[in-house]
Number of protein chains: 2
Amino acid sequence: MTIRDIAKAVGVTHTTVSNVINGKTNKVSQETIDKVNKAIKEFGYIPNKNARALANNSSKIIGIIFPEASGNFMQDPFHSQILTGIESVISSNNYYLMVKSIKKYEDIYQLMTNWSVDGFIILSLVGHQLPKLEKFKDVPVVFIDTYYDELKHINVGSNDYQGEFNAASHLLDNGHKSLGFISYPIDYPSVLSMRLKGFKDALNQKNISFNSSENILEIGKFNPNDTRITNKILNFVKNKTGICFSADILAIEVMEFLKNNGYSIPNDISIVGFDNLYLSTLVTPKLTTINQDIVKKGNIAAESLINMIEQHKEEQLNIKISTNLVIRESVRTLL
Amino acid sequence: MTIRDIAKAVGVTHTTVSNVINGKTNKVSQETIDKVNKAIKEFGYIPNKNARALANNSSKIIGIIFPEASGNFMQDPFHSQILTGIESVISSNNYYLMVKSIKKYEDIYQLMTNWSVDGFIILSLVGHQLPKLEKFKDVPVVFIDTYYDELKHINVGSNDYQGEFNAASHLLDNGHKSLGFISYPIDYPSVLSMRLKGFKDALNQKNISFNSSENILEIGKFNPNDTRITNKILNFVKNKTGICFSADILAIEVMEFLKNNGYSIPNDISIVGFDNLYLSTLVTPKLTTINQDIVKKGNIAAESLINMIEQHKEEQLNIKISTNLVIRESVRTLL
DNA sequence: CTGAAAGCGCTTACAG
DNA sequence: CTGAAAGCGCTTACAG
């Protein structure tokens with residue numbers, strides 16, 4: 001079933017059929033339009049996407065690229081939520097969503113040319129790992145959670161600095177004086193480094209001394225059976241009353257570990273996370289954390305990209321979703 | 001940059017270039033092959049996907065369809081894991097993954113014709129909601145977690161019956177006699193109905209009486225503030241010592257609710273989940289549950305589909321991943 | 001071993 | 001208001 005079959009059935013050229021399908025109806029009589037539409041309905045005709053894409057040089061597909069951290073790209077609830085937000089906007093704008101995880105950053109460049117998409121969204125890329133920025137000139141692309149001064153593209157992120165500043169301040173306001181920051185390894189600049197900066201500045205503001213070896217602990221991947229790591233944690237935590245974590249998932253893993261090692265939370269140590277995962281309401285104690293609306297982040301990224309594709313104009317380059325403190329049960333007030 | 005540019009540069013026809021690109025080299029001299037390949041490298045030429053798709057009538061895209069339960073299609077950790085499993089296989093076979101959530105089951109039929117994919121994977125479809133099975137005749141498709149006798153397509157599932165049988169048996173073996181089964185609403189036949197059947201048969205085997213109104217509680221969506229639901233739960237649980245849940249996430253939500261209402265788990269009531277989400281190791285107490293390898297399920301579904309697409313032969317129709325009991329801390333032994 | 005030709009299904013000037 | 005023609009970039013018999 002092609003455009004020609006419809007044309008034949010109606011008694012016009014396939015050109016005319018194409019015109020009515022594409023709404024170029026100023027060239028077609030109402031009578032013809034109606035006949036064509038009726039035939040299309042009747043035959044259940046659907047235009048061939050590939051032919052259309054070839055002729056238009058546009059596929060109506062948007063690609064999203066996930067750096068494959070630690071083997072499984074979707075397990076992280078953060079990724080699922082972003083995807084949810086992106087998918088709903090893309091779907092309702094009649095685009096399609098193609099998903100791909102990549103192992104090395106360089107793979108992006110191949111995908112860019114290789115992949116016939118109208119634009120793409122790149123997730124959680126650390127700026128300095130991305131040297132050939134000029135390659136992105138001709139393709140509509142929006143980044144999510146990338147910090148990189150030279151990035152002249154739309155970037156949708158959260159207010160990581162302010163969020164972590166508030167997290168640390170919450171502990172300070174509750175009388176805590178010896179704080180620590182536990183995080184996955186920190187690249188510069190990145191979401192994590194901005195959170196660290198917020199933490200640091202909160203201490204500064206209260207004139208509490210800070211030095212990296214004393215107040216920061218970086219963990220590659222938490223594993224309760226890896227004594228090298230667990231000893232580090234136990235040691236780090238010993239002389240502190242409150243810990244900020246750069247991510248809920250890490251906070252929760254470590255919290256469980258501490259509980260199993262005789263710590264009572266928040267009595268012995270207070271904990272603040274970051275992300276406000278659903279998960280954080282299900283653990284004991286419920287986690288005090290920084291909320292960021294991840295689904296909304298996905299929505300905005302997708303909307304921005306579609307705007308770029310369709311109107312070829314860039315809008316605001318740096319979009320920051322606000323964050324807010326959610327107080328639950330993992331922080332104790334010190335007298 | 002097209003196939004013709006390469007051809008011109010090398011001094012052959014575009015046909016020849018196409019032939020070497022597609023490995024039809026029995027028709028081409030080694031010398032020509034080398035020259036063409038060299039030119040391709042040099043120019044960084046990449047074939048246009050849309051043109052290829054049009055000429056081959058094959059897009060190398062696989063679509064995956066998620067029924068959109070409760071608004072956000074990826075939030076469920078189950079979905080993320082399935083997607084992880086599917087994506088990795090698809091990627092390594094040089095296919096692309098297109099993702100779509102649908103609101104009504106009927107949307108599938110439109111997608112099938114509309115979407116130019118080589119095949120697709122349909123998730124968690126309840127069989128009887130799918131009346132027009134003959135429509136699937138001509139498209140490679142594999143289902144995941146669909147129970148439907150008339151389904152003459154590959155279906156990848158878990159051994160839900162045996163899993164829940166083992167879950168209930170675990171409680172019985174620990175001396176529990178008054179058991180309940182709490183589940184999301186149960187369709188027939190479905191993953192949940194099979195789990196219920198396993199539960200029921202486990203009771204039967206031990207000659208413990210069962211009746212639906214007494215031993216089953218269905219919950220649409222758990223919400224701790226909806227007293228209609230919470231009262232039902234409190235009431236249901238009152239005269240029981242052990243509860244099987246049809247899903248970890250529900251088990252965990254209800255467990256938190258019970259803890260907040262003065263229940264001590266597992267002292268007052270024992271709980272067994274289903275799924276073995278990562279989450280179930282992070283709650284207190286850690287959840288005893290039935291493990292199913294969801295990522296593997298995704299792997300197998302993708303492999304089966306690719307086999308169908310490339311070799312046009314169906315294989316084993318019903319593939320069941322095995323399940324196993326994971327004993328943690330949420331079940332107490334009754335004396 | 002190589003190339004001229006037709007075709008995949010659509011879109012888009014352009015002529016009438 | 002309608003249609004003949006060329007083109008999007010590739011593939012695939014088929015002739016030589």
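Hydrogens, waters and symmetry mates are skipped; everything else that's a heavy atom, side chains included, is used.
- Dashed line: the shortest gap from a side-chain N or O of Ser29(B) to OP1 or OP2 of dC1(C) is not under 4.0 Å.
- Thr25(B) places no side-chain N or O within donor-acceptor distance of the main-chain N or O of Val28(B), the cut-off being under 3.5 Å.
- With 3.5 Å as the limit, one finds a donor-acceptor pair spanning the side chains of Ser58(A) and Asp118(A).
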Any chance you could list the contact pattern along nucleotides 10-16 of chain C? Use B for base contacts, S for sugar-phosphate-only contacts and - for none, protein heavy atoms under 4.0 Å, 5' to 3'. BBBBB--

Show every donor-acceptor pair shorter than 3.5 Å between a side-chain atom in residues 3-16 of chain A and any protein atom, with sequence neighbours excluded, or say none if there are none.
unit_1	atom_1	unit_2	atom_2	d
Asp5(A)	OD2	Thr2(A)	N	2.8

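- With values rounded to the nearest 0.5 angstrom, Ile40(A) atom CD1 is found 7.0 Å from Tyr45(A) atom OH.
- Listed pair Thr32(A) / dC1(D) fails the phosphate criterion, with no side-chain N or O lying under 4.0 Å from OP1 or OP2.
- Atom CG of Leu54(B) is separated from atom P of dG7(C) by 14 Å (rounded to the nearest Å).
- Proximity of Leu97(B) to Ser91(B): side-chain heavy atoms (C-beta onward) are nowhere separated by under 4.5 Å.
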Side chain to side chain contact (heavy atoms under 4.5 Å, CB included) between Phe66(B) and Leu83(B), worked out: CA-CA 10 Å; Phe66(B) 290 84; Leu83(B) 197 57; 4.0 Å; yes

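- Inspection of the Glu303(B) and Asn307(B) side chains reveals no N or O donor paired with an N or O acceptor under 3.5 Å.
- Applying the side-chain hydrogen bond (donor to acceptor under 3.5 Å, both in side chains) test between Tyr147(B) and each of Asp187(B), Asp160(B), Asn155(B) identifies Asp160(B) as the sole match.
- Consecutive Watson-Crick or G-U pairing (both distances under 3.5 Å) extending over three or more pairs maps onto DNA chain D as C:1-3 with D:14-16, C:5-12 with D:5-12, C:14-16 with D:1-3.
- Under 4.0 angstrom from either OP1 or OP2 of dT2(D) there lies no side-chain N or O belonging to Thr16(A).
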